[in-house]
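What follows is one structure encoded as structure tokens, with my remarks underneath.
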There are 2 protein chains.
Amino acid sequence: MNFFQEKAVTSSDKTFFQLREEIVEGHISAGSKLSEVELSTKYEVSRAVVREAINRLEACNIVERKANVGARVVTLTSEGLLELYQIREALEGMAARLAAQHMPDAEINQLSSLLEGQQDEVKQRNVYYQEAGDLDFHYRIIVGSQNQQLITMLSNGIYHLARMYRVQLGMTGPRVTTAYDEHIHIVRAIANRDGELAEILMRRHIQYSKNNIAVKLSNMK
Amino acid sequence: MNFFQEKAVTSSDKTFFQLREEIVEGHISAGSKLSEVELSTKYEVSRAVVREAINRLEACNIVERKANVGARVVTLTSEGLLELYQIREALEGMAARLAAQHMPDAEINQLSSLLEGQQDEVKQRNVYYQEAGDLDFHYRIIVGSQNQQLITMLSNGIYHLARMYRVQLGMTGPRVTTAYDEHIHIVRAIANRDGELAEILMRRHIQYSKNNIAVKLSNMK
DNA sequence: AATAACAAGATTGTCGACAATTTGTCTATT
DNA sequence: AATAGACAAATTGTCGACAATCTTGTTATT
């Protein structure tokens with residue numbers, strides 16, 4: 001589940017993780033107000049640690065804060081989704097390019113065998129895009145870029161917001177085997193050390209995902 | 001100077017801005033430790049506001065913090081510079097593409113005339129890449145993308161770190177008229193609503209900048 | 001009736017003090 | 001002499017209280 005292992009050393013960390021999960025999973029609804037005192041009693045910590053947690057969520061673009069007024073969970077809009085996926089396209093495209101340049105052969109082989117292992121499930125039971133598998137794939141490529149700032153940006157910030165959209169729009173939908181094939185092609189480009197192609201394919205792949213979600217979103221209105 | 005007008009409403013804001021400026025401009029040296037008590041006496045505020053300011057700086061990748069140990073200003077390395085410019089290339093390239101799609105004609109015209117106004121200085125006195133002009137150019141395109149998350153990311157986070165590198169490596173160097181010509185071509189692509197080309201040109205432009213700085217950096221060692 | 005000024009309540013911002021953790025030094029043991 | 005352990009100093013983490021600001025509802029004035 002937690003690919004990028006985050007260990008909560010301080011109390012603020014724990015509160016931050018809990019709060020983030022509740023928001024992303026939809027237990028705290030989008031657009032709702034975050035009262036510092038309310039949360040501090042709920043989690044049994046002081047207001048100071050709640051404030052710090054909220055500040056960190058703000059840095060992730062998961063909550064918005066106004067001075068002297070308070071913090072609200074962001075609202076999910078089709079514009080926001082579009083914006084987010086434009087950023088993902090740019091950054092993960094670059095990650096794929098860099099992975100083609102820097103990813104060690106060993107890691108590429110692991111990634112290949114990971115996909116091969118998924119092949120059976122996909123072809124027989126049509127259960128790809130099972131969050132976990134998709135996530136694992138993307139995360140390994142991001143790490144493969146060996147760009148620490150890029151890794152941090154994507155895993156700390158963008159990833160959770162993207163998941164929030166998927167979870168709250170009920171993305172268990174179709175997009176089954178096609179995504180799998182796209183993954184295959186991307187890995188092949190990386191294995192061939194073709195950064196140019198890897199970037200192009202990754203960007204296409206993310207565009208398709210976006211379109212898939214955007215359809216769902218427009219259906220809900 | 002401040003394109004994206006940031007007004008400090010709260011005391012934390014002010015401390016954050018001051019601290020960020022001192023770090024970026026090199027008055028607080030890279031790699032140095034940030035003591036909360038020391039800073040709180042220096043700026044005459046409580047530790048709480050200093051903590052909040054430091055947290056924000058951490059979100060900008062300008063300081064690094066370890067739990068129960070403290071915060072340090074990041075150290076400037078050639079790897080860090082490389083990573084930063086890879087990110088800029090991806091994000092600003094996307095910004096240029098989006099600007100070609102969404103930027104209003106009026107803004108494009110303003111941008112064109114801005115460059116025309118700079119032409120004299122450039123051709124006659126060789127003083128382009130005068131920080132301000134370059135900055136204004138990039139910022140207008142970022143805003144032209146009309147992607148709010150992208151705008152926030154670049155202006156709040158990445159921009160200041162990039163400036164920190166430039167300032168502390170003494171980037172007043174050459175790269176005079178070439179950058180100007182690159183700007184011209186990018187605007188032309190945007191005016192033609194050619195997002196594909198605008199992105200390519202912007203990415204090249206940023207690659208050149210990176211190379212220019214990387215040379216300086218390797219000379220200093 | 002509409003608007004403006006005001007007051008009460010609630011929420012966020014700031015502060016100083018205490019608790020927990022780390023770091024460095026000194027001592028004791030092998 | 002080197003290592004381990006314990007102690008002391010300093011720094012960060014957490015807390016509750018107070019101050020400043022915003023919001024809401026009421027009253028007064030036109």
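Note on naming: letters A, B, ... go to the chains in the order of the sequence lines (proteins, then strands), and numbering restarts at 1 for each one. In what follows, every heavy atom counts, from backbone to side chain, and hydrogens, waters and symmetry copies are set aside. A quick note: this is a predicted structure, and the numbers were derived from the prediction, not measured.
Salt-bridge annotation for A:K14 and A:E44: absent, with no side-chain N of the basic residue lying under 4.0 Å from a carboxylate O of the acidic one. With salt bridges taken as basic N to acidic carboxylate O contacts below 4.0 Å, one links B:E199 and A:R203.
Remark: P of C:dT14 and CZ of A:R51 are 7 Å apart, rounded to the nearest angstrom. With rounding to whole Å, A:R47 atom CZ is found 17 Å from D:dG13 atom C1'. Rounding to whole angstrom units, NZ of residue A:K14 and P of C:dA20 are separated by 14 Å. In this entry the distance linking CD of B:E52 with P of C:dC15 reads 11 Å, nearest Å. Counting to the nearest Å, the P atom of C:dT21 and the CG atom of A:D13 are 13 Å from each other. We find that CG of A:L34 is positioned 17 Å from C1' of C:dA10, with the value rounded to whole Å. Protein atom CG of B:L39 is 17 Å distant from nucleotide atom C1' of C:dT14, rounded to whole Å. In this structure, CG of A:N55 is placed 11 Å from C1' of C:dG13, rounded to the nearest angstrom.
Using a 4.0 Å heavy-atom cutoff across all strands shown, A:I54 reaches no nucleic acid atom at all.
The nearest heavy atom of DNA chain D to B:V9 and to B:V69 marks one nucleotide each, and the one closer to the 5' end goes with B:V69. Positionally, the nearest nucleotide of DNA chain D for B:V37 lies more toward the 5' end than for the other of A:A48 and B:V37.
The shortest distance between the side-chain N/O atoms of B:R72 and the OP1/OP2 oxygens of D:dT12 is not below 4.0 Å. The side chain of B:S46 places no N or O atom within less than 4.0 Å of a non-bridging phosphate oxygen (OP1 or OP2) of C:dT14. Taking side-chain N and O atoms only, A:K33 has a distance below 4.0 Å to OP1 or OP2 of C:dT12. Contact annotation: A:S11 reaches the phosphate of D:dT14 (side-chain N/O to OP1 or OP2, under 4.0 Å). Dashed line: the shortest gap from a side-chain N or O of B:T10 to OP1 or OP2 of C:dT12 is not under 4.0 Å. In this model, the phosphate group of C:dT14 is approached by a side-chain N or O of B:S12 to a distance below 4.0 Å at OP1 or OP2.
Relative ring orientation between A:H205 and A:F137 is described as perpendicular, the plane-to-plane angle rising above 60° on a 0-90° scale split at 30° and 60°.
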Just do the side-chain contact (heavy atoms from CB on, under 4.5 Å) check on B:F17 and B:E21 with the steps written out, would you?
CA-CA 6 Å; B:F17 293 146; B:E21 177 161 344; over 6 Å; no
In sequence, state the C-alpha distance, the side-chain angles, and the governing distance for B:R51 and A:E52, and then conclude on salt bridge (charged side-chain N to carboxylate O under 4.0 Å, His left out).
CA-CA 9 Å; B:R51 272 183 75 84; A:E52 188 167 326; 3.3 Å; yes
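Across C:dG13, C:dG16, C:dT22, the shortest atom-to-atom separation from the side chain of B:N68 is found for C:dT22. Relative to the side chain of A:V45, the nucleotides C:dG13, C:dT14, D:dC15 differ in distance, and D:dC15 lies closest.
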